[in-house]
Amino acid sequence: MVWQLDLFLLVFIIVLAILSLVVKDLLLSIILLGGYSFFMALIYAEMGAVDVSFTEASVGAGVSTIFMIVALYFTARFVRRDVKTKKISLAGLILASLTALVMIYVADAMPDWGNPQAPAHLHISDRYIEKSQIEMATPNMVTTILADYRGYDTLGETTVIFIAGIVCLLLLGTATQRLKHNYDTKI
Amino acid sequence: MIDFFIFVGVLLCVLITFIFYRVFAGPTLFDRLISMGVIGTKTLVLLLLIGFIYKRPDMFVDISLVYTLLNFIGVLAITKYLRRYKTDGY
């Protein structure tokens, strides 16, 4: 990690998140969230997780932006003048700040980035590296971990992704049909 | 050499902060849209610089290509929305 870049990127992310909550224009909010995802992907890439960065860029910035714009077709872009916006509730503010305080307190105990002595790297990686070739006889270690050791986990994940895909198709299908219907009746 | 890349990256980040002013203040939606596009282009260069810092630029070129495509697709979706619900600049 390069701390000079990190400093800027994290500040940008905070600024974009606050801006996207504050603005009254929903379309602008969507644009800002897209930028947020781009910066997030940049941070993932900087941490060396290129695959996560790829996913964040395509799902967070690409697909979800388009889905939110599709959702915007069915609602208004601006806040109505006669609707009063709620003030920030005190209880929620206190709860959120308390949670943030707890998280900041605990964050100090996290292992450093890239620390080989971190608990996640200690007890199971060596076993995968040493035994996966003998036990599973598959040349690719990542495939062994995903498809054999974590077989049920992967099965669940694929099911979730499959269901999500079907739901997206269903939603988009009805949305375009309804839009076409509206368009036809208008003319 | 790495120091040079980090320096260029920090310089780009400083430039991005200037563009953020237009995102804040830009009177019309299109100012903000274009400024977000410019920020997207700058993050692309930043990504390539990170690739050079880690000495694996070939891998990062792929992601940066995806970045550009997605930036473009997002703008396309927004323009499609704006074509249907026309605005007078805002």
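Letters A, B, ... mirror the listed sequences (proteins, then strands); counts begin at 1.
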Colleague: Nearest heavy-atom pair of B:Cys13 and A:Leu5: which atoms, and what distance?
Modeller: SG-CD2, 4.0 Å
Colleague: Calculate, to the nearest 0.5 Å, the distance between atoms OH and CG belonging to B:Tyr81 and A:Leu27 respectively.
Modeller: 6.5 Å
Colleague: Side chains of A:Val50 and B:Tyr54: closer than 4.5 Å at any heavy-atom pair?
Modeller: no
Colleague: Is it possible for you to say whether A:Leu90 and A:Leu98 belong to one hydrophobic cluster, with membership spreading through side-chain heavy-atom contacts below 4.5 Å?
Modeller: yes
Colleague: Got a second to check how far A:Ile69's CD1 is from B:Ile78's CD1, nearest 0.5 Å?
Modeller: 4.5 Å
Colleague: Select one option (side chain, backbone, both, neither) describing which atoms of B:Val66 are under 4.5 Å from chain A's heavy atoms.
Modeller: side chain
Colleague: Based on non-hydrogen pairs under 4.5 Å, which of B:Leu44, B:Ile16, B:Val14 is most in contact with chain A?
Modeller: B:Ile16
Colleague: Below 4.5 Å from any heavy atom of chain A, which atoms of B:Leu47 appear? Answer side chain, backbone, both or neither.
Modeller: both
Colleague: Does anything in residues 8-16 of chain A get under 4.5 Å of chain B by heavy atoms, and if so which residues?
Modeller: A:Phe8, A:Leu9, A:Phe12, A:Val15, A:Leu16
Colleague: Apart from A:Val142 itself, which Ile, Leu, Val, Met, Phe, Trp or Tyr residues share its cluster (side-chain heavy atoms under 4.5 Å, direct or through members)?
Modeller: A:Leu146
Colleague: Suppose we screen for side chain to side chain donor-acceptor pair (under 3.5 Å). Which residues come up paired with B:Asp62, at least two apart in sequence or across chains?
Modeller: none
Colleague: If I take atom OG from residue A:Ser53 and atom OH from residue B:Tyr67, how far apart are they, to the nearest 0.5 angstrom?
Modeller: 5.0 Å
Colleague: For chain B, which of A:Ile31, A:Thr65, A:Leu42 has the most heavy-atom pairs under 4.5 Å?
Modeller: A:Leu42
Colleague: Out of curiosity, does B:Ile63 fall in the hydrophobic cluster containing A:Val59 (side-chain heavy atoms, cut-off under 4.5 Å, transitive links)?
Modeller: no
Colleague: Share the residues that join B:Phe72 in a hydrophobic cluster, the rule being Ile, Leu, Val, Met, Phe, Trp or Tyr side chains under 4.5 Å apart at the heavy-atom level.
Modeller: B:Leu76
Colleague: Using a 4.5 angstrom heavy-atom cutoff, name the option from A:Gly34, A:Gly35, A:Ser58 with the most pairs to chain B.
Modeller: A:Ser58
Colleague: Any side-chain heavy atom of A:Phe54 sitting closer than 4.5 Å to one from B:Met59?
Modeller: no
Colleague: Side chain from CB out, backbone as N, CA, C, O: work out which of these in B:Val23 comes under 4.5 Å of a heavy atom of chain A, or both, or neither.
Modeller: side chain
Colleague: Could you grab the distance from atom CD of A:Gln4 to atom CG of B:Asp3, nearest 0.5 Å is fine?
Modeller: 8.5 Å
Colleague: Starting from B:Val38, can I reach B:Val45 by hopping between I/L/V/M/F/W/Y residues whose side chains sit under 4.5 Å apart?
Modeller: yes
Colleague: Let's go through B:Leu29 and A:Arg77 carefully: what are the C-alpha distance in whole Å and the side-chain angles of both, what is the deciding distance for side-chain contact (heavy atoms from CB on, under 4.5 Å) to 0.1 Å, and is it a yes or a no?
Modeller: CA-CA 12 Å; B:Leu29 179 80; A:Arg77 213 183 110 192; 3.9 Å; yes
Colleague: At a heavy-atom separation under 4.5 Å, does B:Ile53 approach chain A through its side chain, its backbone, both, or neither?
Modeller: side chain
Colleague: Would you say A:Tyr128 has more than 12 foreign heavy atoms packed within less than 6.0 Å of its OH?
Modeller: yes
Colleague: With clusters defined by side-chain heavy atoms of hydrophobic residues (ILVMFWY) lying less than 4.5 Å apart, directly or transitively, does B:Phe24 cluster with A:Val23?
Modeller: yes
Colleague: Angle between ring planes, A:Phe39 versus B:Phe20, binned at 30° and 60°: parallel, tilted or perpendicular?
Modeller: parallel
Colleague: Examine whether an atom of A:Leu7 lies under 4.5 Å from a heavy atom of chain B, and if so say whether it belongs to the side chain, the backbone or both; otherwise answer neither.
Modeller: neither
Colleague: Tell me which of these, A:Ile66, A:Leu19, A:Ile30, has more heavy-atom pairs under 4.5 Å with chain B than the rest.
Modeller: A:Leu19
Colleague: Under a single-linkage definition using a 4.5 Å side-chain heavy-atom cutoff for Ile, Leu, Val, Met, Phe, Trp and Tyr, are B:Phe4 and A:Trp3 assigned to the same hydrophobic cluster?
Modeller: no
Colleague: Ignoring hydrogens, what is the shortest heavy-atom contact between B:Arg84 and A:Tyr73? Give both atom names and the distance.
Modeller: CD-CE2, 3.2 Å
Colleague: Among B:Ile39, B:Ile2, B:Leu46, who wins on heavy-atom pairs under 4.5 Å with chain A?
Modeller: B:Leu46
